[in-house]
There are 2 protein chains.
Amino acid sequence: MALRHAVLAALLDGEYSGYQLTKIFDIGVSNFWYAAPQQLYAELTKLEADGLVTGREVVQRGRPNKRVYTVTEAGLGELAAFAATPAKPLLIRDDLAVKVHAVDLLDPAPVIEQLHDRAMEAAAKLEVFEQLLLRLRGELDEETFLRQAEHIGPYLSCLAGCRLERETRAWCLETARTLGERMARTGRETP
Amino acid sequence: MALRHAVLAALLDGEYSGYQLTKIFDIGVSNFWYAAPQQLYAELTKLEADGLVTGREVVQRGRPNKRVYTVTEAGLGELAAFAATPAKPLLIRDDLAVKVHAVDLLDPAPVIEQLHDRAMEAAAKLEVFEQLLLRLRGELDEETFLRQAEHIGPYLSCLAGCRLERETRAWCLETARTLGERMARTGRETP
DNA sequence: TGAGGCATGTAATTTGTTACATGATTAT
DNA sequence: ATAATCATGTAACAAATTACATGCCTCA
């Protein structure tokens, strides 16, 4: 079980509803985990049934009510046990890299386009992450913050996200340029 | 279908058996895809049934015979169609980052240990990747190679792997140091 | 003689994904 | 009116993980 822990970790930052978590997993936590909305709703239900989180109905005006969740003591215990267990290797699955790997025998044009798209997405994410870092550390500079603040977990994981997005952007642009120049030189695309 | 394309792309580099592919997916292709051995055997069987690869029995002395696979024309067509299709976002699932995200409420000691382990794995992979780059480009320097060689796909995807591993190593070491210093300062671990 | 690499799977279970479904409110 | 955002799911299907199973050969 794995999504379970990602959800628990995300809920440490505050009370969130399923819907809010989908947003967080879409941009923030996408940092280190991906999950579809339906997975999150299902997992929250299971987590509550297992007593690892507690839900609380929040009545809203002007929009549908929502159910927000908090990690329980048992949930914290589950996380502690998880943290003490050896980490599984990073799971990565990248469509675009597969295409680049095979690009020699393929039409590079659509691949180049996708590289540009990915570069722009990475740049956008990077900006979001950097804003988040600023918000988290407030007045302090990074070094001071990391030395003195109580809650640095989200900051540290966000730093990983920044690194990933920065490198992604750079690699995509570089690769697109390389492929583009070769295309221009040979004049033609499909082999 | 996705693993399918990763396998086809890997098989463009040469004829491989299921067992060899497990090695490649463990270190080389781990670059952009992860798959368990059983998945690979199953996928190769399906790919052959669908006519996207052809298998060939290779009799060996001193070790069991193996079946090696080559991409067919139809397989290449499948890859071409795949490459022309919009890329799905990068899928990432990182246990260790989840732990770091939650570290404020947990015992940091095992997390720090895992960060060191991960850093060493990353360094090892980085070395493998850099050796691979050297082997691929032969005499040429990178720029010349990327301009002139026919087959640059594997080189380009390997560059992405290098970036990832380099950043992983740096982030792990930095994060471990930060957490370690805080532990030393507070003297105590679990909150 | 036992560990470890080579080589290939099956079967059961757990996860994840896709498509579908619903319904309210707000902004355009 | 219509689209977008908020909000939460179910059901069917596809994929991945885990555990198990087999058997040969080499090297220590």
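Heavy atoms only: backbone and side chains are in, while hydrogens, waters and symmetry mates are out. Every chain is numbered from 1 and lettered A, B, ... according to where its sequence line falls, protein lines coming before strand lines.
Not one N or O on the side chain of Asp50(A) forms a donor-acceptor pair closer than 3.5 Å with the backbone of Leu52(A). Between the side chain of Glu48(B) and the backbone N or O of Gly55(B) there is at least one donor-acceptor pair closer than 3.5 Å. Judged by distance alone, with hydrogens and angles left aside, the side-chain atoms of Arg93(B) form no donor-acceptor pair with the main-chain N or O of Ala35(A) at under 3.5 Å.
Considering only side-chain N and O atoms, Tyr19(B) lies nowhere under 4.0 angstrom from the phosphate OP1 or OP2 of dT8(C). Residue Gln39(A) places at least one side-chain N or O under 4.0 Å from the OP1 or OP2 atom of dT17(C). Remark: Ser17(B) is in phosphate contact with dT8(C), judged by side-chain N or O atoms under 4.0 Å from OP1 or OP2. Neither OP1 nor OP2 of dA7(D) sits under 4.0 Å from any side-chain N or O of Thr22(A). Put simply, Gln60(B) has a side-chain N or O that comes within less than 4.0 Å of OP1 or OP2 on dA7(C).
Thr45(A) comes within contact range of no nucleotide atom at all, as no heavy-atom separation falls under 4.0 Å. Residue-level contact check: Arg93(B) touches the backbone only, with heavy atoms under 4.0 Å from sugar-phosphate atoms and none from bases.
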Fill in: Worked verdict on Arg163(B) versus Glu167(B) for salt bridge (Lys or Arg N to Asp or Glu O under 4.0 Å)
CA-CA 6 Å; Arg163(B) 282 180 183 273; Glu167(B) 294 301 307; over 6 Å; no

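For Tyr41(B), whose side chain is taken as the heavy atoms from C-beta onward, the closest listed nucleotide among dT18(D), dG23(D), dT8(C) is dT8(C).
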